[in-house]
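Accompanying notes for the structure given below.
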Amino acid sequence: MTSPILREEIIGDCRLLLGDCLEIIPLLHGVKGVLTDPPYGINIAANPVRQWHAQKQWDKSAPTRETFEMLRRISDQQVIWGGNYFELPPSKCFLVWDKFQPEDFSLAMCEQAWASFPSPAKLYRYRVVGYSKEHPTQKPVELMQWCLRFFAAGTILDPFMGSGTTGVACVKLGRKFIGIEIDETYFDIACRRIREANAQPDMLVEAARPPEPKQEGFDL
Ligand SMILES: C[S@@+](CC[C@H](N)C(=O)[O-])C[C@H]1O[C@@H](n2cnc3c(N)ncnc32)[C@H](O)[C@@H]1O
């Protein structure tokens with residue numbers, strides 16, 4: 001039988017796999033948490049604002065309930081961006097990213113992540129304008145670092161890795177990471193970004209001193 005892993009790159013504590021995550025996830029062991037940002041199935045490639053990637057088809061359909069069940073079978077904890085688009089069980093905890101987007105702007109003012117934690121909803125404020133992107137839906141590294149503080153120690157998996165932002169955040173916080181991406185162009189970008197992050201001399205400083213959680217309002 002041929003392996004679903006088309007390429008494998010090991011960079012420090014990161015294992016990056018090229019291939020279809022639906023075929024690769026059942027082969028994985030030792031994953032503690034899943035922090036991911038799957039295709040929302042809203043065909044973002046057709047959005048005129050993002051036409052620079054119009055040839056790509058990756059956002060035509062969203063992962064099914066079975067995909068998320070498979071992720072729950074291999075990990076204790078999950079944070080899934082775009083959780084409002086998917087068939088997921090009810091959860092007490094949503095993580096919300098306030099993008100400081102002007103109200104009259106056509107793009108979303110915030111995004112929501114479904115989280116498996118039994119804690120109240122949390123809010124992170126980070127201005128979306130002004131960070132350069134190599135993927136049409138690239139998340140800020142700072143946002144993914146903020147998410148990582150909610151996970152217990154152990155390996156983090158991002159099965160829809162895109163340009164590798166979750167991996168960069170893991171490197172900066174000294175966490176083990178497994179990333180899967182189906183598109184070779186994005187896979188190559190992820191490899192380069194994670195390699196660059198791994199070569200940064202200041203990464204252990206951030207690992208030793210993760211940012212303090214910020215209380216926003218009252219817990220329910
Ligand atoms: C929303 S993007 C992730 C962007 C990422 N958060 C970043 O900061 O770059 C989702 C990614 O999932 C990838 N993808 C879609 N289906 C996949 C599959 N079955 N297996 C692995 N990757 C897949 C797409 O190619 C796309 O790059």
Side-chain angles (χ1 to χ4, degrees), residues 3-9 14-28 31 33-47 49-50 52-71 74 78-86 95 97 99 107-108 111-115 124 126 128 130-148 156-172 177-197:
S3 169
I5 300 174
L6 306 178
R7 247 175 77 194
E8 175 166 6
E9 301 283 338
C14 301
R15 183 177 179 215
L16 310 187
L17 306 171
L18 174 68
D20 186 338
C21 68
L22 304 184
E23 295 171 22
I24 297 175
I25 291 166
L27 308 178
L28 299 177
V31 172
V34 172
L35 171 54
T36 194
D37 175 30
Y40 296 179
I42 53 176
N43 205 6
I44 211 153
N47 182 329
V49 178
R50 324 244 186 176
W52 50 291
H53 276 229
Q55 76 280 13
K56 302 269 189 199
Q57 299 291 307
W58 57 266
D59 199 31
K60 274 208 149 164
S61 59
T64 60
R65 190 182 44 181
E66 288 72 28
T67 307
F68 298 113
E69 282 170 1
M70 189 156 68
L71 289 171
I74 63 151
Q78 303 87 29
V79 168
I80 298 167
W81 283 97
N84 46 319
Y85 290 101
F86 310 130
L95 306 182
W97 169 31
K99 300 171 159 183
L107 299 177
E111 285 192 41
Q112 299 162 61
W114 179 96
Y124 183 73
Y126 187 87
V128 73
Y131 73 97
S132 60
K133 296 205 273 182
E134 297 184 74
H135 188 291
T137 61
Q138 189 169 321
K139 293 280 183 288
V141 173
E142 291 80 357
L143 174 70
M144 292 318 212
Q145 281 183 251
W146 175 73
C147 294
L148 283 172
I156 299 294
L157 166 70
D158 185 348
F160 299 95
M161 172 170 68
S163 63
T165 309
T166 308
V168 173
C170 283
V171 170
K172 281 175 166 278
F177 174 71
I178 301 173
I180 310 172
E181 172 57 46
I182 203 167
D183 181 303
E184 193 157 21
T185 307
Y186 297 141
F187 182 80
D188 285 337
I189 293 170
C191 290
R192 178 181 47 71
R193 290 182 72 211
I194 289 167
R195 203 169 283 120
E196 284 170 5

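Note that ligands are numbered from 1 as they come in the structure, with each ligand's atoms numbered from 1 the same way. Numbering of residues begins at 1 and proceeds along the displayed sequence. Quick caveat, the model's predicted, so the values are computed rather than measured.
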Worksheet entry | Mutual orientation of the aromatic rings belonging to Trp81 and Trp97 [parallel < 30°, tilted 30-60°, perpendicular > 60°] | perpendicular

Discussion item. Could you check whether Glu181 and Tyr186, counting side-chain N and O atoms only, form a donor-acceptor pair closer than 3.5 Å?
Written reply: no

Worksheet, complete the sentence: Nearest heavy atom to atom 5 (C) of ligand 1, choosing from His135, Glu184, Met161, belongs to Met161

Worksheet entry | Taking every non-hydrogen atom, the tightest pair across Ala197 and Val168 | CB-CG1, 3.9 Å

Discussion item. Could you check whether Ser163 and Glu134, counting side-chain N and O atoms only, form a donor-acceptor pair closer than 3.5 Å?
Written reply: no

Discussion item. Regarding ligand 1, does Ile182 bring an N or O atom to under 3.5 Å of one of the ligand's N or O atoms?
Written reply: yes

Worksheet item: Is any side-chain heavy atom of Val171 closer than 4.5 Å to a side-chain heavy atom of Cys14?
Response: yes

Discussion item. Please check whether Glu181 reaches ligand 1 - meaning an N/O of the residue sits under 3.5 Å from an N/O of the ligand, judged on distance alone.
Written reply: yes

Worksheet item: Does any N/O atom on Pro38 come nearer than 3.5 Å to any N/O atom on ligand 1?
Response: no

Worksheet item: Distance from Thr166 atom OG1 to Ile156 atom CD1, nearest 0.5 Å?
Response: 9.0 Å

Discussion item. Against ligand 1, does Gly19 come closer than 4.0 Å with any heavy atom?
Written reply: yes

Worksheet entry | Atoms of ligand 1, numbered as shown, that sit under 4.0 Å from any heavy atom of Ser163 | 7 (C), 8 (O), 9 (O)

Practice prompt. Would you check the N or O atoms of Asp20, main chain and side chain alike, for any that come under 3.5 Å of an N or O of ligand 1?
Written response: yes

Item to complete: Determine, considering heavy atoms only, which of Ile180, Asp37, Ile189 sits nearest to atom 6 (N) of ligand 1.
Response: Asp37

Worksheet item: If we only count N/O pairs under 3.5 Å, is Thr137 in contact with ligand 1?
Response: no

Worksheet item: Considering Tyr186, Phe160, Tyr40, Phe187, which one's heavy-atom position lies nearest to atom 12 (O) of ligand 1?
Response: Phe160

Worksheet item: Sequence neighbours excluded, which residues qualify as salt bridge (Lys or Arg N to Asp or Glu O under 4.0 Å) partners of Arg15?
Response: Glu8

Worksheet, complete the sentence: The atoms of ligand 1 lying under 4.0 Å from a heavy atom of Thr165, numbered in the order shown, are 7 (C), 8 (O), 9 (O)

Fill in: 4.5 Å side-chain heavy-atom contact, Arg7 and Asp188
yes

Discussion item. Can you tell me which residue among Leu35, Ile178, Ile180, Thr36 is in a side chain to side chain contact (heavy atoms under 4.5 Å, CB included) with Asp158?
Written reply: Thr36

Worksheet entry | Asp183-ligand 1 polar pair, N/O distance under 3.5 Å | no

Worksheet item: What heavy-atom pair brings Ala190 and Gly162 nearest, and what distance separates the two atoms?
Response: CB-O, 3.7 Å

Worksheet item: In ligand 1, which numbered atoms sit nearer than 4.0 Å to a non-hydrogen atom of Pro159?
Response: 21 (C), 22 (N)

Worksheet item: What about Gln138: any of its N or O atoms under 3.5 Å from an N or O on ligand 1?
Response: no

Discussion item. Below a 4.0 angstrom heavy-atom separation, can you tell me which part of Pro63, side chain or backbone, both or neither, approaches ligand 1?
Written reply: neither

